[in-house]
Each structure stands twice: as structure tokens, then as C-alpha cells.
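Got a structure for you, questions after.
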Amino acid sequence: MRATRTISRDLTEIQRDGTLRVFISYSSTSYFLYRGQPMGFEYELLERLAKDLDLELDLVLVNNMDSIFQHINTGKADMIAHGMTITTDRKQKVAFTKYLYLTSQVLVQKKPDNWRKMRWANLQRYLIHDAIDLIGDTVSVRENSSYIKRLNNLSKELGGTIYIDTLPGTLSTEEIIKKVADGEIKYTVADKNLAQVSSAYYPVLDISVPLSLSQRIAWVVSKNSTELLTALNQWIDKEKKEVDYYVIYDRYFNDKRDFKRRIKSDFMSLNGNQICKYDELIKKHAEKLRWDWRLLASLIFQESRFNSNATSWAGAQGLMQIMPRTAKSLGVTNPRNPQQSIEAGTTYLKQIYDKFDEVSDSVQRIKFTLASYNCGYYHIMDARFLAKQENLNPNVWDDNVEKMVMALSYPTNYNKPGINYGYVRGIEPVTYVGQIFQRYEHYVNFIKK
């Protein structure tokens, strides 16, 4: 690896900025989209970490694992949240956190296509059962992975050559495992926990041959980020004492049934460019708003989780949770009908959006529209009035009007002269807007426009 000048931000600067920049891989266990919701082992832990450190997350998808260490040492991110094996060579370049879990490396090989009909003895003769049988054969692994180091060491230990076919860093381990299942390559190496869940989906795979002892899997920071490393280690120690930590691990590495359900779904981002079964309807009606359809999809998820039969305690119904009076005014005869709900909901959003024509910034205008959709247009107008009184910008939601919406939760503010619509539980619209935009960022990561 070419030497690079190490640049990093430590925890003090990160906290001052308020954002933790994280490299994360797009995979079926680390970070992905399923039925409109971001998921993954690393993703769930990062959400907990960010909350603990009171930081926002800036997730950067890494498409090429070969150059990941150079990037962390040039300041492009603060940490790598990926299951990295701790090795002596790597410790010379980067700093590892305390380990998140232990695993080992196994050989991934394919059984014959007719393996279910074969006698057990014949099947066993077809497969290899010991690493020594790899001498003189070829194993395909990603370049610069820890698997290459292990294969080279095995060659020395066994006194014979195991040939290595190096694959591009743009391929994930799951993609390489699929190549074995499809017969495109003969063998690869994978961490046992990942191989186990993959073999649940590809029963044609055999993963019974161990290639290493237990190895520690951890996250990575720059060697200069000593404060951040200390904070991460303290957090890991605390997390590993919680039941939730092991529930999260089991969800992605031990629950084979759930893994199979996700990996077969049309609405898992790894399988295609779909968020939900209403994508085409959402795209069609997003045009009248001139919004990115993925933003509208995020709003619909927030309202109903794409459940067309959803009904709120207040009586709102359908995908876009339209209240009965509003539905009637928009000509809705069946609020549970997806077409009617999305058509009426976007019509209503357009009516609100058009009222904020004095807001010049399009993103801020959308945020005003979303907040109004949640708690009512006139509550937002009260908040804008209050913003003027407090010398804040009434045409900017972020850090201006959103603060005044929160302020309208208190009598000293909602009883002021000029406030016409009284109390509003401000945390709800503020959270609503924030969560829709956060989810939208995930959709942008995974789903093409």
C-alpha cells in the first residue's frame, strides 16, 4: 500500500461539527434498504452510537474496499464501520477499536447441482474436507482482504502452493459467495458468520472446512484519532453489556429465516431499484409536486409504512393518512385505495406548498410543507410570526422556525398576542420533518432516481 500523509479529525473537532462521517459498506448484513427502511448490523449500531455521542451521522457508501484505508488516513471519513479482521499488518496503518465479535474464516465451496439426490458417501467424495486439499488449486478472494493473508500463511504452513485469484475490491463478500453458488468460481473464503447466513439462502454451498482460528472483528479509525478511539472503546464495552447488542447481532447473523425472507424480497435494495409496491404511483404523483419521488416515498413510509389499510387513533386513513374532512374535500371515496390516497395526498401537499411561495429556498419550502402536513398550516404560520418576534428568519425552517414550533409547546409562547391557533406539540412536526429527510438520504444512497 502506498504511504499517505495521515490527516484526521479527533473527537473534539467532530463534536464541534456535530457530524460523524462514517465509511460503511453496502451489503446484506451491514447496511441496506428493506421495505423502505434502512437496516443492517453496522447501521443499527451506528444509530445507537450517534445517539450516545449526540452526533448526526453522515454515512458514505464505500464501493471499493481496496482503497478504504487510504481514505480513512486522508480525512475523508472519521471511521470505518465495517467488519474488519484485526491483523498485524493492518495495525501498522490504522487503529482498531475493541472487537465487536469473534468469528473464523471458512472455505466456501459448491456442492454438485444434484447434491440432494446423491448418496452421502458420493457427496463427501466430491467435496474437499481439509485445507491441505487446496494445495495446487485456486481460491478466489478480494484483493487486499484479510483472506489473502490467510491463504498465503496456509501455503507456508502446509508446504505447498495455494493459488490465489484476486478479485476487484468493488465486489462484496456476499457477491463473491454468490459467484461460487452460481458456479462462476470454484472456491472463496468468508467469515463464518457471514457464510452461515449466505448458505441458508444458497443451500448448494458447503462451508464446513475451517481455515483459521477465531479472529477479532472490529471498526477502524485513523491512528491519530486517539480521543475518538477511546470513546468508541468505552461505548463498545457498554454496549456489549446490553441485551440489545446481541439481539441486533442475532438479527443479521443468526436468524437464517429472516435473512432468507429479506434476500428474496423484491423490496430489498440489493435485489433491485424498488422501495415498495407503490413506486410507480408515487413517481407519477410526485411529478405534480416536482419533488424527487424518493422524498415523497419517505413521507408515505412515515405516515403508514406503506400499509394502505393503516388507520390512526385520530381517524386518518390510508397510505398518506388523510383525515376524513380533508379526504371529503378532495373527493376521496375510499381512503384505503392507494391511487385515491396518493392522488389526494399529493394534491393536498401541492396546495400547502403553493402557500409558501415567499420561501425562495426549495428545500426549506418543502420542510415547511411537510411540517404543515403534519400539524397544520396555521400552526406553522404562528411559528413564523413568533420567529419574526424573536428576530429569526420566518422563511427558514432549519434552526429558525423549527425552534419556534418547539416554543409553541409552552403557554408563555402560545398565549402571546398574535398567536391565533394556540398550543402545538412541537416535537412532533420537528421530528417528522427530520426523520423524513434522514430516510430520504438513505433512499438516495440505495435507489436510483
Side-chain angles (χ1 to χ4, degrees), residues 19 31-39 43 46-47 50-51 56-59 267 269 274-276 278-279 281-283 285-308 310 312 314 316-323 326 338 341-356 359 361-377 379-380 383 396-406 424-449:
T19 301
Y31 176 46
F32 58 92
L33 193 69
Y34 177 60
R35 295 191 176 276
Q37 187 168 0
M39 296 182 69
Y43 172 73
L46 286 170
E47 286 279 286
K51 183 177 180 181
E56 296 290 327
L57 283 176
D58 179 10
L59 300 180
F267 308 116
S269 54
Q274 297 184 83
I275 297 175
C276 73
Y278 305 114
D279 283 5
L281 270 178
I282 295 170
K283 290 175 184 177
H285 291 288
E287 291 180 2
K288 78 175 73 165
L289 293 165
R290 296 185 180 178
W291 291 8
D292 186 330
W293 74 273
R294 296 167 295 185
L295 178 61
L296 180 59
S298 181
L299 180 153
I300 295 173
F301 180 94
Q302 187 81 13
E303 289 289 348
S304 65
R305 291 179 171 260
F306 304 126
N307 177 7
S308 62
S312 77
Q317 293 181 311
L319 289 172
M320 295 193 68
Q321 289 292 279
I322 303 170
M323 292 295 287
T326 305
S341 182
I342 296 177
E343 182 176 10
T346 49
T347 298
Y348 185 49
L349 282 168
K350 182 69 165 55
Q351 291 172 359
I352 299 171
Y353 184 82
D354 288 345
K355 292 179 180 179
F356 290 107
V359 179
D361 183 276
S362 60
V363 173
Q364 297 302 310
R365 189 173 178 179
I366 289 172
K367 289 183 176 182
F368 279 116
T369 303
L370 296 178
S372 300
Y373 192 85
N374 176 259
C375 72
Y377 171 76
H379 283 305
I380 301 304
V396 175
W397 174 260
D398 296 330
D399 294 322
N400 285 268
V401 176
E402 69 173 340
K403 289 181 176 179
M404 297 300 96
V405 173
M406 295 286 287
V424 61
R425 192 167 184 265
I427 189 66
E428 290 185 0
V430 170
T431 302
Y432 180 85
V433 172
Q435 289 181 346
I436 287 173
F437 267 85
Q438 286 171 7
R439 188 179 305 105
Y440 169 58
E441 289 176 8
H442 293 298
Y443 288 4
V444 170
N445 275 340
F446 296 122
I447 306 296
K448 294 178 182 177
K449 190 173 182 180

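The figures here come from the full heavy-atom set of this structure, side chains too, leaving out hydrogens, waters and symmetry mates.
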Residue pair Val405 / Trp397, side-chain heavy-atom distance below 4.5 Å: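 In short, these two side chains touch, coming nearer than 4.5 Å.
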Would you call Gln351 and Thr369 a side-chain contact if the rule is heavy atoms closer than 4.5 Å?
->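 The answer is no; the side chains never approach within 4.5 Å.
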Worksheet item: Any side-chain heavy-atom pair from Leu296 and Ile300 closer than 4.5 angstrom?
Response: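 A side-chain contact exists here, since the closest heavy-atom pair is under 4.5 Å.
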Side chains of Arg305 and Arg35, heavy atoms from C-beta outward: is any pair under 4.5 Å?
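Counting from C-beta outward, Arg305 and Arg35 never come under 4.5 Å.
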#### Entry: Asp279 bridged to Lys283 by N-O distance under 4.0 Å
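Answer for the salt bridge query: no.
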* Decide yes or no for His442 and Leu59: does some side-chain heavy atom of the first lie under 4.5 Å from some side-chain heavy atom of the second? =>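 His442 reaches Leu59 side chain to side chain.
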Assign the ring pair Phe306 / Phe301 to parallel, tilted or perpendicular, where the plane angle (0 to 90°) is split at 30° and 60°.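 Rings of Phe306 and Phe301: perpendicular, as their planes differ by over 60°.
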Measure the spacing between CD1 of Ile282 and CG of Leu319 and express it to the nearest 0.5 Å.
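CG of Leu319 is found 7.5 Å from CD1 of Ile282.
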_For the aromatic rings, using the six-membered ring if either is Trp, is the centroid distance between Phe356 and Tyr377 under 6.0 Å?_
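Yes, ring centres under 6.0 Å apart.
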Exceeds 12 heavy-atom contacts within 6.0 angstrom, atom CD of Glu56:
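For Glu56, atom CD is not crowded (no more than 12 foreign heavy atoms under 6.0 Å).
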Would a line drawn from the ring center of Phe32 to the ring center of Tyr43 be shorter than 6.0 Å?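 Ring centroids of Phe32 and Tyr43 are no less than 6.0 Å from each other.
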| query | To the nearest 0.5 Å, what is the distance between CG (Leu33) and CD (Gln274)? | reply |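 Going from the CG atom of Leu33 to the CD atom of Gln274 covers 11.5 Å.
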Can you tell if the side chain of Leu299 reaches within under 4.5 Å of the side chain of Leu349, non-hydrogen atoms only?
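They are in side-chain contact.
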With a cut-off of 3.5 Å and sequence neighbours excluded, list every side-chain donor-acceptor pair involving residues 432-440.
| unit_1 | atom_1 | unit_2 | atom_2 | d |
| --- | --- | --- | --- | --- |
| Tyr432 | OH | Glu303 | OE2 | 2.6 |
| Gln435 | OE1 | Gln302 | NE2 | 2.8 |
| Arg439 | NH1 | Ser298 | O | 3.1 |
| Arg439 | NH1 | Ser298 | OG | 3.2 |
| Arg439 | NH1 | Gln302 | OE1 | 2.9 |
| Arg439 | NH2 | Gln302 | OE1 | 2.7 |
| Tyr440 | OH | Asp292 | OD2 | 2.8 |

Practice item. Give a yes or no on whether Lys403 atom NZ has more than 12 heavy-atom contacts from other residues, nucleotides or ligands under 6.0 Å away. Key: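 Atom NZ in Lys403 is not crowded, with 12 or fewer foreign heavy atoms closer than 6.0 Å.
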Looking only at atom types and distance, does a side-chain atom of Asn400 sit under 3.5 Å from a main-chain N or O of Asp398, one as donor and one as acceptor?
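Judged by distance alone, yes, a pair lies under 3.5 Å.
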Let me confirm one number: the OG-NE2 distance from Ser341 to His285, rounded to the nearest 0.5 Å.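 Result: 10.0 Å between the selected atoms.
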Roughly how far, to the nearest 0.5 Å, is the OH atom of Tyr348 from the CD1 atom of Ile322?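 Reported value, rounded in 0.5 Å steps: 9.5 Å.
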